[in-house]
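Throughout, protein chains are lettered first and strands after them, A, B, ... in sequence-line order, and every chain is numbered starting at 1. All values derive from a computational prediction rather than experimental measurement.
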Amino acid sequence: MSRAALPGFRDFYPQELAERAYVMNAWREVAGRYGFVEYDGPPLEPLELYTAKSGDEIVGQLYVFEDKGGRKVALRPEMTPTFARMVGAKLNALRKPVRWFSTPQLFRYERQQKGRLREHFQLNVDIVGEPDVAADAELLALAIDVMREVGLTASDVRARVSDRRLIGALLAHFEIAEKDHPLVYAVLDKLDREPRAALEKRLTDGGVAPHAVRSLFEAVGSKSLDELRTRLGGVRALDGHFETMTRYFELLRALGVDDWVRLDLSVVRGLAYYTGIVFELFDTAGEFRAICGGGRYDDLLATLGGTPAPALGFGMGDVVLGELLRSRKLMPALEPALDYWVASDDEALLSDVMTVAARLRGGGHSVEYSLRPQQLARQLKAASSAGAAQVVILLRDQWSGGAGTMTVKTLADGSERVVRGDELFNFPV
RNA sequence: GUGGCUGUAGCUCAAUUGGUUAGAGCACCGGUCUGUGGCACCGGGGGUUGCGGGUUCAAUUCCCGUCAGCCACCCCA
C-alpha cells in the first residue's frame, strides 16, 4: 500500500507552506487594497450546481460521489457557482457594486501535468452590479497589481485582452453563421499553437466561406486596437465595441497598468459563460500555462436562477504563479527565526531553563531550548541553526540557584552582556 | 481518457559489455569540545535500485506488466 499523497495532491512541508502563505498573503493584501472583502463557501456542493451551468460532460472532471443521505455531491472545481448563489440570495441587501474575493481550494479530476494538479488554491475576485467598462479595468488592474506585489514586472508578465461581443460582431460582419461560432472560437484559441494553414482548413472544412476565413485571420492578426480600427473602421456595427475597448485602454492607463496589456483577439477563454471583455495573464517567455484568466459574465446569475445582474471576475491559481516565482528567483526561502534560545552548562538546571523560557514566552517572545542534556557548544549550534537572535545562558557559577545572573549572547555579532533575571524580562524584543 | 519519455538514499548524481556486500557530495545525528555557535577533521543512521513478474549461473543494467512523474493531445483553473 502506497503512503504517498494521491496523484495531483500536495504535501505542504514547511517550506512549501511558507510559499503558499506568501502567495496567498499577496492576494489578500492586494484585494484588500482595492476594497474587496473576503468570503468563503463549502468545499462540497450539490452536483447540480455544476451541471446546471456547464452540462453533464463536466461530471467526468469532478470528484463526485453519493453521500450517506443519497445526495449526489461534488468537491468544488470552481468558485463562481457558489459565489453566484451566495450573492444571488442576498443581492438586494448588498451594497453595489459587490466587491468580493475568496481563496478556495479547488478540485478537478484530470490527468495532471506541470502547472496543473488535481487540487489548487485560487484567488477569485468578482464584481457584481456594475455594467460599466470601468469595472473591467478595475478588475484587470487588481490582477496586475498582484503580479507587482510578488515582484514581477511588465517584462515578465503580459495581459492579453479581448472582447467576446467584439468578436461576435466581427463574425456577424464576416457573415459567419451562428452555428459555426463554437468552431471559430476553438480555432482562435489554438492560433499560436497550430499552423495557420491547418486552422484555416478546419474552418473551411467546417463550412465557413474561404473569404470569411481570410478576413477573420487578418482581423485577428491585429496587434493593437488602432490597427484593428484602421482595418475595419468603416464598419458601423463595430463602432460601439471599438468605443468600449478604447475607453477600456484609457482607463487601464489611468490605473497605471497599460504597459502590461495588449489586445489579442485570440484570447477566447474556454468557459462558455463569458459575455464581454475577457483577459488572461501569461509569462512573456511563454514557459508556463496561463497565470490568471477572467472576464465579464453578465448572464450567469440569471442562468443560475438568480436575479439578473451584470458581473465579472477572474481566477488566479497558486500553482503556475508559484512555478513562475521560483523560476524567477522571486520566491522567498523559509528562514528559521526565533527570539531566544535558553541554554545551560549544567543539565541539573533544566527546570530553571524551562522557567526562564516560560517567562520569556509569557512576554510574547518565541523561545526554544534543548529538550535533552547537551554540551553547551551543541546548544549554541542548535540555537544558531534555529535562527535564534539571542541565547540566554544559565551558567552554574553565575546562576547560583536563581539568585545570580545570566549571560545573554547576541548571535549575530557574538556580543554578550550579563543581566539579572528581572532585567531580562523587561527587554524589548 | 489517448500517445511518448523517465524512475538508484531526504536532495543532486555514480556504479565497466549483465559480475563481490549498490557508492559519493549535500542534508540529518554524534565525536574531537562539561565557558560558548557558524569552520575543520572523524564517525553514524538512512536503499526491498518505484512495485510485481520474466530471461540468466548472476539483473540497478535486458524483456513484460503496473504505479508514479514529465511532455504532447483532450479540456481548462
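Here the C1' atom of nucleotide B:C76 and the CZ atom of A:Phe282 are 11 Å apart, to the nearest Å. For A:Phe314 and B:C76, the CZ to C1' distance is 17 Å, given to the nearest whole Å. If you measure from atom CG of A:Leu62 to atom P of B:C76, you get 13 Å, rounded to the nearest angstrom. Distance CD (A:Gln15) to P (B:C11): 15 Å, rounded to an integer number of Å. Here B:U2 presents its P atom at 15 Å from CD of A:Glu110, a figure rounded to the nearest Å. Following rounding to the nearest Å, A:Lys114 (NZ) and B:U6 (P) show an atom-to-atom distance of 19 Å. The distance between atom CZ of A:Arg76 and atom P of B:C76, rounded to the nearest whole Å, is 21 Å. Distance, A:Arg118 CZ to B:G1 C1': 11 Å, rounded to whole Å.
The side chain to side chain donor-acceptor pair (under 3.5 Å) contacts involving residues 352-361 of chain A comprise A:Asp352-A:Trp399, where partners must be two or more places apart or lie in separate chains. The salt bridge (Lys or Arg N to Asp or Glu O under 4.0 Å) analysis of residues 293-313 of chain A, with sequence neighbours excluded, yields the pairs A:Asp136-A:Arg296, A:Arg165-A:Asp298, A:Arg296-A:Asp298. The salt bridge (Lys or Arg N to Asp or Glu O under 4.0 Å) analysis of residues 14-26 of chain A, with sequence neighbours excluded, yields the pairs A:Glu19-A:Arg326.
A:Gly8 comes within 4.0 angstrom of the backbone, heavy atoms only, and of no base. Nucleic acid contact for A:Leu117: base, since at least one base atom lies under 4.0 Å from a heavy atom of the residue.
Residue A:Gln113 has no polar side-chain atom (N or O) positioned under 4.0 Å from OP1 or OP2 of B:C73. A close approach under 4.0 Å does occur between a side-chain nitrogen or oxygen of A:Arg372 and OP1 or OP2 of B:G30.
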Where do N or O atoms of nucleotides 34-39 of chain B meet protein N or O atoms at under 3.5 Å, pair by pair?
{"residue": "B:G35", "atom": "O6", "partner": "A:Gln398", "partner atom": "NE2", "Å": "3.3"}
{"residue": "B:U36", "atom": "O2", "partner": "A:Lys409", "partner atom": "NZ", "Å": "3.0"}
{"residue": "B:U36", "atom": "O2", "partner": "A:Glu416", "partner atom": "OE2", "Å": "3.4"}
{"residue": "B:U36", "atom": "N3", "partner": "A:Glu416", "partner atom": "OE2", "Å": "2.9"}
{"residue": "B:G37", "atom": "O6", "partner": "A:Leu411", "partner atom": "O", "Å": "3.3"}
{"residue": "B:G37", "atom": "N1", "partner": "A:Leu411", "partner atom": "O", "Å": "2.5"}
{"residue": "B:G37", "atom": "N2", "partner": "A:Leu411", "partner atom": "O", "Å": "3.3"}

Nucleotide N/O to protein N/O under 3.5 Å, stretch nucleotides 41-46 of chain B:
none

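Side chain A:Arg111 to base B:C71: no donor-acceptor pair is found below 3.5 Å.
Under the ring pair (Phe, Tyr, Trp, His ring centres under 6.0 Å) criterion, A:Phe36 pairs with no residue at all, not counting sequence neighbours. Every residue two or more places apart in sequence or in another chain that forms a side-chain contact (heavy atoms from CB on, under 4.5 Å) with A:Lys381 is listed here: A:Arg378. Listed by chain and residue number, A:Ser155, A:Asp156 satisfy the side-chain contact (heavy atoms from CB on, under 4.5 Å) test with A:Thr153 (two or more places apart in sequence, or in another chain). The side-chain contact (heavy atoms from CB on, under 4.5 Å) search around A:Ala209 returns A:His211, A:Ala212, not counting sequence neighbours. For A:Val353, the side-chain contact (heavy atoms from CB on, under 4.5 Å) partners two or more places apart in sequence, or in a different chain, are A:Val342, A:Ser344, A:Tyr369, A:Leu394. A:Tyr109 meets the ring pair (Phe, Tyr, Trp, His ring centres under 6.0 Å) test with A:Tyr63; sequence neighbours excluded.
Rounded to whole Å, the separation between the P atoms of B:A14 and B:C57 comes to 31 Å. The gap from the C1' atom of B:G50 to that of B:G7 amounts to 7 Å, rounded to the nearest Å. Nucleotides B:A22 and B:U48 are separated by 13 Å at their P atoms, to the nearest Å. Only the P atoms considered, B:U60 is 7 Å distant from B:U49, to the nearest whole Å. B:U8 and B:C42 have their C1' atoms separated by 28 Å, with the value rounded to a whole Å. A distance of about 12 Å separates the C1' atoms of B:G46 and B:A27, rounded to the whole Å. Across B:C11 and B:G54, the matching P atoms stand 30 Å from one another, rounded to whole Å. Look at the C1' atom in both B:G10 and B:U16: the space between them is 30 Å, to the nearest Å.
Remark: A:Arg160 qualifies as a cation-pi partner of A:Phe282 under the 6.0 Å distance and 45° angle criteria applied to the six-membered ring.
Stem regions annotated for RNA chain B: B:1-7 with B:67-73, B:10-13 with B:23-26, B:28-32 with B:40-44, B:50-54 with B:62-66, counting only runs of 3 or more consecutive pairs of Watson-Crick or G-U type with both contacts under 3.5 Å.
For the atom pair CZ (A:Arg262) and NZ (A:Lys223), the distance works out to 11.0 Å, reported to the nearest 0.5 Å.
Taking a cutoff of 4.0 Å between a charged side-chain nitrogen and a carboxylate oxygen, A:Arg116 and A:Glu110 qualify as a salt bridge.
By the 30° and 60° cut-offs, the orientation of the rings of A:Phe12 relative to A:Phe121 is perpendicular.
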